[in-house]
Amino acid sequence: MIKLDERLKTVASMVREGSRVADIGTDHAYLIAYLIEKGICPRGIAADLRKGPLENARQTVIEAGLTDKVELILSDGLQKIKENSCDDIVLAGMGGNLIAEILSKAQWIKNENINIVAQPMTHAEVLRQFFLENGFEILKEKTATDGRRCYCTMSARYTGQAQKHGISYIYTGQLFENKDEITFRYIDKMLTTLKKKHSAFMSAGKTDDENLGAVINEIEEKMEKTKWLL
């Protein structure tokens, strides 16, 4: 049986039961094998850009006895993934910029029946901005730790409607819906990073083009309202 760390368990928890899943950047295919073994997904696609990781995935699939349930595809992002071949799309283990780029090249994902589960390693704000600007609604977000690092995982679905949120939303998304220690640590660390960036701008005499001062204030106000005191 496949065992996942807490980071990937969080990703798995946001995949819909009964869905055909496409794991983009699958690496060893641990996630998709886990989802099928647990009966969460009946079948799926394991895709990777490189032949090496895809061969690792193939070995995992063979050892798990899932060759009839997992299709292995060598693909640059979603380029070789056929429309209507999956219901849930997972993109984990890469930066928010790259995830946004991959999604932008596949117009068929603009389908209200497709659930996107993304776990950006960096620049989650870029991915949230992409979702907002392209008619996607972020449904929920979860955090998890893996060693000393803290990760955020989000699920989103296309609605075709513009989403209106406060100035800090691209940095915190739906995280304030959670009230747990790991989420607090994630927001706290992100806030510290924003303060350092803003301070560096001010010290260099640069214009606050990203409105970081206002973003920081809004996040701190939300933390105060939810009694998440620093």
Side-chain angles (χ1 to χ4, degrees), residues 4-17 19 21-26 31-32 34-35 40-41 77-78 86-106 109-146 149-191 193-194 215 218-219 222-223 226 228:
L4 301 180
D5 57 25
E6 290 303 313
R7 179 179 71 85
L8 285 179
K9 278 185 181 178
T10 303
V11 174
S13 73
M14 298 177 78
V15 173
R16 297 176 298 179
E17 187 171 352
S19 68
V21 63
D23 184 17
I24 309 303
T26 191
L31 176 67
I32 197 164
Y34 174 90
L35 290 168
I40 297 169
C41 298
L78 290 162
C86 57
D87 309 301
D88 282 33
I89 299 171
V90 173
L91 302 105
M94 58 192 86
N97 304 67
L98 180 55
I99 294 175
E101 181 182 347
I102 288 171
L103 294 174
S104 70
K105 294 178 179 179
I109 66 169
K110 291 185 175 181
N111 181 330
E112 61 183 10
N113 295 316
I114 293 177
N115 180 49
I116 298 171
V117 179
Q119 188 182 73
M121 300 292 99
T122 58
H123 297 297
E125 74 279 2
V126 174
L127 182 56
R128 292 193 190 96
Q129 187 72 48
F130 169 83
F131 284 139
L132 293 181
E133 292 178 350
N134 289 275
F136 291 85
E137 179 184 1
I138 300 173
L139 304 175
K140 58 184 175 181
E141 300 198 35
K142 294 182 181 180
T143 54
T145 56
D146 180 10
R149 293 194 64 179
C150 189
Y151 301 92
C152 171
T153 307
M154 61 189 80
S155 65
R157 209 167 303 165
Y158 183 71
T159 66
Q161 300 177 358
Q163 302 291 320
K164 293 183 179 180
H165 295 282
I167 194 171
S168 66
Y169 186 81
I170 63 169
Y171 294 96
T172 60
Q174 299 293 106
L175 290 174
F176 276 106
E177 297 295 318
N178 306 329
K179 295 178 177 60
D180 59 81
E181 183 181 352
I182 296 175
T183 300
F184 171 80
R185 285 167 54 192
Y186 181 89
I187 295 177
D188 187 25
K189 184 176 181 180
M190 180 265 301
L191 185 59
T193 300
L194 289 177
V215 168
E218 189 168 284
I219 293 173
K222 288 182 178 181
M223 294 181 81
T226 54
W228 288 3

*Over 12 non-hydrogen atoms of neighbours within 6.0 angstrom of CD in Q163*: yes
*Do the charged groups of E6 and K9 touch, with an N to O distance under 4.0 Å?*
yes
*asked:* Can you list everything that forms a salt bridge (Lys or Arg N to Asp or Glu O under 4.0 Å) with K105? Sequence neighbours excluded, please.
replied: E101
*Starting at CG of L31, measure out to CG of L8 and round the result to the nearest 0.5 Å.*
6.0 Å
*How many angstroms lie between CG in L127 and OG1 in T122, if you round to the nearest 0.5 Å?*
10.5 Å
*Where is the tightest heavy-atom contact between G77 and I102, given as atom of each residue plus distance?*
CA-CG2, 3.8 Å
*Please round to the nearest 0.5 Å and tell me the distance separating atom CG of D188 and atom CZ of R185.*
10.0 Å
*Could you grab the distance from atom CD1 of I170 to atom CZ of F131, nearest 0.5 Å is fine?*
13.5 Å
*For the pair M190 and I219, evaluate side chain to side chain contact (heavy atoms under 4.5 Å, CB included) and give the outcome as yes or no after the intermediate values.*
CA-CA 10 Å; M190 180 265 301; I219 293 173; 4.1 Å; yes
*Donor-acceptor pair, T159 side chain versus Q161 backbone, under 3.5 Å?*
yes
*Check K142 against T10 and note the closest heavy-atom contact, atom names and distance.*
CB-CG2, 3.7 Å
_Least distance between heavy atoms, N115 atom then M14 atom_ = ND2-O, 3.3 Å
*Look up atom OG in S19 and atom CG in N113, then write down how far apart they are to the nearest 0.5 Å.*
12.0 Å
*Worked check of side chain to side chain contact (heavy atoms under 4.5 Å, CB included) between F136 and K110*: CA-CA 8 Å; F136 291 85; K110 291 185 175 181; 4.0 Å; yes
*Minimum heavy-atom distance L175-T143, with the two atoms named*: CD2-CG2, 3.8 Å
_Rounded distance (nearest 0.5 Å) linking atom CG of D23 with atom OH of Y34_ = 14.0 Å
*Identify the two heavy atoms, one from I99 and one from L91, that lie closest to each other, and give their separation to 0.1 Å.*
CD1-O, 3.7 Å
_ring-ring contact (aromatic ring centres under 6.0 Å, His included) involving H165 - partner list, sequence neighbours excluded_ = Y169
*Is N178 reaching over with its side chain to a backbone N or O of E141, donor-acceptor style, under 3.5 angstrom?*
yes
*Using atom types as modelled and distance alone, determine if a side-chain donor or acceptor of D88 lies under 3.5 Å from a backbone N or O of R16.*
yes
*asked:* Can you give me the closest heavy-atom contact between Y171 and V215, atom names plus distance?
replied: CD1-CG1, 3.6 Å
N/O donor to acceptor pairs below 3.5 angstrom from side-chain atoms of residues 149-157, sequence neighbours left out:
from	atom 1	to	atom 2	distance (Å)
R149	NH2	M121	O	3.1
T153	OG1	Q119	NE2	2.8

